[in-house]
J.: 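Shown below is the structure under consideration.
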Amino acid sequence: MGKSSKDKRDIYYREAKERGYRARSAFKLLQIDEKFNIFEGVHRVVDLCAAPGSWSQVLSQKLNLNKKDGQEGKIVAVDLQPMSPIEGVTCLQADITHPKTLQSILELFGGEPADLVVSDGAPDVTGLHDLDEYIQAQLILAALQLTTCILKEGGTFIAKIFRGRDIDLLYSQLGYLFDKVVCAKPRSSRGTSLEAFVVCIGYRPRPGWNPSLDLGKSTEDFFENADIGKSYIQENFDLPDDEERFIPSFVACGDLDAGDSDATYSLNSNIEKQNLKPVQMPTAPPYKKALEMKRNGDLVRR
């Protein structure tokens, strides 16, 4: 979490610090849950692209501390980046597209499927919206590959999306796999951002399709036999005449009395200032390798 002057005046940043969350994004999952009640009857959850772990913290609180239905929840958090430990969460530093990752998750779940799969992952944005939207869509499809291999029938999938003019195809593909697809915008997500979250409820496996991860397959190859539609390349970039647009419902999440994520709030100077310790120390800061090279004398000017 940053600590610039604007960050300090962001009400969600400040509340995340006070409540011990590693990032303000924890409130996005909480507000999605307020609307869709996604944790009801859920015991096994996979958190993809989990670092730094704010969503995993929410999952741990909801599933473990409450001990829903008298059964302790099992949570697996997966990311290429290292994560500091979280109580009640098994952290895997792994690639979500690798078959060994799928096998590890299944072993941790005792061979049982997941009830819920969430993904708050996003690429390093370039500022070129069309490119960012495409890369994010590919990341969602990568997460969806693992999801179709591990999610139980009737399960829920939630992922971050970047809304844009070409998002219809992704909505349509998800509509083949789930009974209900909704585009949700939590109040804690800045209105100036293209970010939103696709909430897919009621997983419906495609008849006769047995998904399996294979490093040699692209996302296009993976879904080839699923019959969920594909990208069409035409000179005018229009959809075929028989292809209908799929436009999901757009839902705003979060109490109207909650803070405005696009506003900054003045700090009360009358309240005694408290410097809160970092919720999580950097696990692999980008300057770590440079410091090691400097100590070894490998970092010299030429």
Side-chain angles (χ1 to χ4, degrees), residues 38 44-49 76 78 94-106 109 111-123 133-184 196-234 237-249:
I38 59 176
R44 293 175 297 276
V45 185
V46 182
D47 184 7
L48 303 177
C49 307
V76 179
V78 186
D95 184 350
I96 65 173
T97 65
H98 202 288
K100 289 185 178 179
T101 304
L102 172 62
Q103 185 62 35
S104 297
I105 297 173
L106 288 173
F109 285 167
E112 296 292 327
D115 302 309
L116 170 67
V117 178
V118 298
S119 174
D120 190 32
E133 180 192 344
Y134 171 77
I135 297 174
Q136 178 65 9
Q138 292 302 307
L139 180 59
I140 295 171
L141 289 175
L144 186 61
Q145 289 182 90
L146 188 145
T147 298
T148 56
C149 294
I150 201 171
L151 186 63
K152 73 173 186 180
E153 186 172 354
T156 301
F157 173 63
I158 299 172
K160 178 186 290 185
I161 61 171
F162 290 161
R163 291 175 297 157
R165 63 181 181 179
D166 298 320
I167 200 66
D168 286 10
L169 174 62
L170 181 61
Y171 287 147
S172 178
Q173 291 174 321
L174 291 170
Y176 283 101
L177 294 168
F178 294 89
D179 293 331
K180 184 177 180 181
V181 178
V182 178
C183 179
F197 294 87
V198 61
V199 180
C200 307
I201 302 171
Y203 176 54
R204 187 177 62 242
R206 300 294 288 169
W209 180 53
N210 297 312
S212 62
L213 292 182
D214 186 341
L215 290 178
K217 286 185 178 181
S218 65
T219 53
E220 190 86 7
D221 295 333
F222 180 88
F223 292 106
E224 183 178 8
N225 297 321
D227 192 24
I228 64 171
K230 59 185 295 184
S231 300
Y232 293 95
I233 302 177
Q234 297 182 341
F237 295 97
D238 290 332
L239 292 173
D241 295 335
D242 59 347
E243 185 80 11
E244 296 182 2
R245 292 186 65 197
F246 180 83
I247 304 177
S249 301

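Worth saying up front: this structure is predicted, and the values here are computed from it rather than measured.
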J.: Examine distances only and state if a side-chain atom of Gln103 and a backbone atom of His98 form a donor-acceptor pair shorter than 3.5 Å.
T.: no
J.: Indicate the atoms forming the closest heavy-atom contact of Phe223 with Thr148, along with that distance.
T.: CE2-CG2, 4.4 Å
J.: Given 3.5 Å as the limit, does a donor-acceptor pair link the side chain of Thr147 with the main chain of Ala143, or not?
T.: yes
J.: Please test Asp227 against Trp209 for side-chain contact (heavy atoms from CB on, under 4.5 Å), starting from the C-alpha separation and ending with a verdict.
T.: CA-CA 9 Å; Asp227 192 24; Trp209 180 53; over 6 Å; no
J.: Please determine which of Ile96, Val118, Val78 meets the side chain to side chain contact (heavy atoms under 4.5 Å, CB included) test together with Cys49.
T.: Ile96
J.: What pair of heavy atoms forms the shortest contact from Thr97 to Ala142, and how long is it?
T.: CG2-CB, 3.9 Å
J.: I need the minimum non-hydrogen distance between Arg206 and Ala226, along with the two atoms involved.
T.: NE-O, 2.9 Å
J.: OG1/Thr156 to NZ/Lys180 distance, rounded to the nearest 0.5 angstrom?
T.: 10.5 Å
J.: Just by modelled atom types, is the Glu133 backbone N or O under 3.5 Å from a matching donor or acceptor in the Arg163 side chain?
T.: no
J.: To the nearest 0.5 Å, tell me how far Gln138 CD sits from Glu220 CD.
T.: 8.5 Å
J.: Measure the shortest side-chain to side-chain distance between Leu177 and Leu144 over non-hydrogen atoms and say whether it is less than 4.5 angstrom.
T.: yes
J.: So, taking the atom named CG in Asp115 and the one named CD1 in Ile150, what distance separates them when rounded to the nearest 0.5 Å?
T.: 10.5 Å
J.: Give me the atom names and distance for the closest heavy-atom approach of Ala196 to Cys183.
T.: CB-SG, 3.8 Å
J.: How close do Leu146 and Leu213 get, heavy atom to heavy atom, and via which atoms?
T.: N-CD2, 4.2 Å
J.: Between Thr101 (side chain) and Asp95 (backbone), is there a donor-acceptor pair under 3.5 Å?
T.: yes
J.: So which of Asp214, Thr219, Leu102 actually passes side chain to side chain contact (heavy atoms under 4.5 Å, CB included) with Gln145?
T.: Thr219
J.: Answer yes or no: is there a side-chain heavy-atom contact under 4.5 Å between Ser119 and Lys160?
T.: no
J.: Report, as yes or no, whether the 6.0 Å neighbourhood of atom NZ on Lys152 holds more than 12 heavy atoms from other residues, nucleotides or ligands.
T.: yes
J.: Supply the atom-to-atom distance Asp120 CG to Asp47 CG, rounded to the nearest 0.5 angstrom.
T.: 8.0 Å
J.: Can you tell me how the ring of Phe157 sits relative to the ring of Phe178, calling it parallel under 30°, perpendicular over 60° and tilted otherwise?
T.: parallel
J.: Between CD1 of Ile135 and CD1 of Ile140, what distance do you get to the nearest 0.5 Å?
T.: 12.5 Å
J.: Measuring only between side-chain heavy atoms, which start at C-beta, is Ile167 closer than 4.5 Å to Phe162?
T.: no
J.: Just so I know, are the side chains of Ser218 and Asp221 near enough to count as touching, which here means a heavy-atom distance under 4.5 Å?
T.: yes
J.: Would you check, one step at a time, whether the test side-chain contact (heavy atoms from CB on, under 4.5 Å) holds for Phe222 with Leu141?
T.: CA-CA 10 Å; Phe222 180 88; Leu141 289 175; over 6 Å; no
J.: Locate the shortest heavy-atom distance separating Arg44 from Pro113; write the atom from each residue and the value.
T.: NE-O, 2.6 Å
J.: Nearest 0.5 Å please: distance from the CD atom of Gln173 over to the SG atom of Cys200.
T.: 11.5 Å
